[in-house]
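Report on the following structure.
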Amino acid sequence: MRMSDLVGKRYKERPAEATLESHAFLLRGGYARQMANGIYSLLPPGLRVIRKIEAIVREEMDGICGQEVQMPVVQPRELWDESGRYGAVGAELCRFQDRTGHDMVLAMTHEEGVVHLCRNEITSYTQLPFMVYQIQTKFRDEPRSRGGLIRVREFTMKDGYSFHTSQEELDEYYQHCFKAYERIFARSGMPNVVAVEADSGMMGGAISHEFMMLTEVGEDTIVTSDDGSYIANQEVAAGEVEAFAEEALPLEKVSTPGKKTIEDVASFLGVEIRQTAKAVFYESDTEGKLVLAVVRGDREVNEAKLSKVIQTPPVPATDERIKAAGAIPGYASPIGLDSTKVRVVVDPTVRDSNNLVAGANEVDTHYKNFNLERDGSDAEIADIIMVQDGDRHSGGGALRLSRGIEVGNIFQLGTKYSAAMGMTYDDADGNVQTPIMGCYGIGIGRMMGSIMEARRDKFGPQWPMPVAPWHVQVNALKLTNETVKETAESLYQSLVDAGVEVLYDDRDLRPGVQFAEADLLGIPIRLIVGERNLANGDIEVKRRDTGETSMHSVADVVELVKTWIAESIAEFQPTD
RNA sequence: CGGGGUGUGGCGCAGCCCGGUUAGCGCGCUUCGUUCGGGACGAAGAGGCCGGAGGUUCGAAUCCUCUCACCCCGACCA
């Protein structure tokens, strides 16, 4: 490819909307352009990186017997009614009508699609297990996209779905897939990827793992035990929290005028924040009852955990709703609430501490010495707190928080979709059975953004060889010099003939401009043809990834480059 | 959905508060010349109905109303 032909320009100034470095380079380097919020076009360099990542993903999916298929993005409502998700999923599912008024959706994932595709193809246990996958567009109308390609509304995803005759078989395949994912991230040159226990969220199912690339700019919080025995998404992470048991004292009503927040109440009464009980209300559980979540004052409610307890996404309650149930916002507690109107869920941290300050459900009034067993013993106990730095893993080390970008996830779905959508096969005994499913996702564009975020310097990305848009860049300095021009042209042609992916900067630009743009393109090997070194018959070879520079004769350089490319790709190949 | 912010040539911005002829600056772009190993210099050019719609006014980028888009924080998120 000649740069004089390359579509898309690179620019010097940092676009104002970029917050992440990877986002800034995405735009500055001419990889992608935004069309609307969370919706991007890719220019040639960006698409080439995407294609490289896809190729690795394909190889690894094929390596675990995946079969590539293609399913539609636009799907009829009926399919989503079958699974129940047309009604269950919120506005992130894009719904619209075709010209006849038929309800349609833009698929945000393809469980419905894959069951539809496979349920008539599979009739016998002899056809199981199998896995199909696709690399295809997804649309999720996220309430808020951000960070360049890290979080978008329209994106490319590899999604795979496996079907099994037994849980054991799924367990085994799940492990294969887990390994394949590790290989994909390693081969793509993505550093610091860890697999964490995860919340399966709206996907349903029991076991799931997220693959996180650790980075401070990540949107997810990861909890790690410092002895290495535990790692989980904060959404599901459980820890042992220090308890503060003491002799229970009599309940005592105290006046706390105007003190509504935990901080105000604690300082007004001269107690520590952990000596209070925090009451947080949510609109309703599945039966429509107001939900009161109670955690110790120094803790936050983990809504993902609470969601599992009440079996519905928690929505913060309005003051009107709280008052209607007989509680007073700012002065609420389980004490004296009507259990037919309010469902009280209490975290063990509250049970295991004594003499807490709690609301009195009266304006300007709190109680001292709230003890759950005595004053609210009929409450439901469940772990609903957010783990904090310094909590302990049960019997293990201290828990630490870090941040990560979720680049992949794998789920054991069970029969949620196959059963709901009537997919069956006959087993060896002639009995009708429902296949057990697993599903496996990787965000391709998010991988690109993450690699860019992780591998860069202040001048631009430093693409790992396996995903680099081109392997080699040729820079010709001073093309008006005939020797330079002839050498550069013939070098370019030799590289092309040798099957090397090469980008040739054939524009007669000043060196500084060429180098700056080359840095933005992040191509791992740079060949600099200039009259200074050419006088000695040399070409300067510079590694964008390592910064190393060396001189080589024109005659040797093509072979050298081929060797380096092969070695460099091999470096990322896992050894197992 | 709540809170905050921004919309002015391809990019980054000034002008707006306090309305006044042809709307500026830097980068980029075109042409010519001098340059040429880390974003050169000079000269001459091209390019904008100031996000949109109403309104106020003799006169609106500037004031008012409505609206749209984008960005940030939060809520949300397989």
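If you're wondering where the values come from, they're calculated on a predicted model, not measured in any experiment. Each chain gets a letter, A, B and so on, in the order the sequences are listed, and its residues count up from 1.
The residue A:M157 sits close to a base: some heavy atom pair falls under 4.0 Å.
For A:E303, counting side-chain heavy atoms from C-beta on, the closest listed nucleotide (B:rG38, B:rG12, B:rC76) is B:rC76. The side chain of A:P15 approaches B:rG12 more closely than any other nucleotide in the set B:rG12, B:rG28, B:rC71. When each of B:rG38, B:rC70, B:rA75 is scored by its nearest atom to the side-chain atoms of A:A36, the top-ranked nucleotide is B:rC70.
Taking atom CG of residue A:N475 and atom P of nucleotide B:rG38, one finds them 13 Å apart after rounding to whole Å. Rounded to an integer number of Å, the gap from A:E17 CD to B:rG10 P is 15 Å. To the nearest angstrom, P of B:rG74 lies 14 Å from CD of A:E300. In this entry the distance linking CG of A:L27 with P of B:rG10 reads 16 Å, nearest Å. If you take CG of A:L534 and P of B:rC36, they are 17 Å apart, rounded to a whole angstrom. The distance from atom CD of A:E531 to atom C1' of B:rU35 is 12 Å, rounded to the nearest whole Å. What separates OH of A:Y40 from C1' of B:rC70 is a distance of 11 Å, to the nearest Å. In this structure, CD of A:E142 is placed 15 Å from C1' of B:rG74, rounded to the nearest angstrom.
In this structure, the salt bridge (charged side-chain N to carboxylate O under 4.0 Å, His left out) partners of A:R343, at least two apart in sequence or on a different chain, are A:D285, A:E380. A:E283 pairs by the side chain to side chain contact (heavy atoms under 4.5 Å, CB included) definition with A:V315, A:A317, A:T318, A:R321, not counting sequence neighbours. Not a single salt bridge (charged side-chain N to carboxylate O under 4.0 Å, His left out) links A:D538 to another residue, sequence neighbours left out. A:K158 pairs by the salt bridge (charged side-chain N to carboxylate O under 4.0 Å, His left out) definition with nothing, not counting sequence neighbours. Shown here are the salt bridge (charged side-chain N to carboxylate O under 4.0 Å, His left out) partners of A:E197, two or more places apart in sequence or in another chain: there are none.
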Distances under 3.5 Å between protein N/O atoms and the N/O atoms of nucleotides 39-43 of chain B, please, pair by pair.
residue, atom, partner, partner atom, Å
B:rG39, O4', A:G512, O, 3.4
B:rG39, O2', A:K12, NZ, 2.6
B:rG39, N2, A:E517, OE2, 3.1
B:rA40, OP2, A:R510, NE, 3.3

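Electrostatic pairing of A:D506 and A:K485 does not count as a salt bridge here, judged by no charged N lying under 4.0 Å from a carboxylate O.
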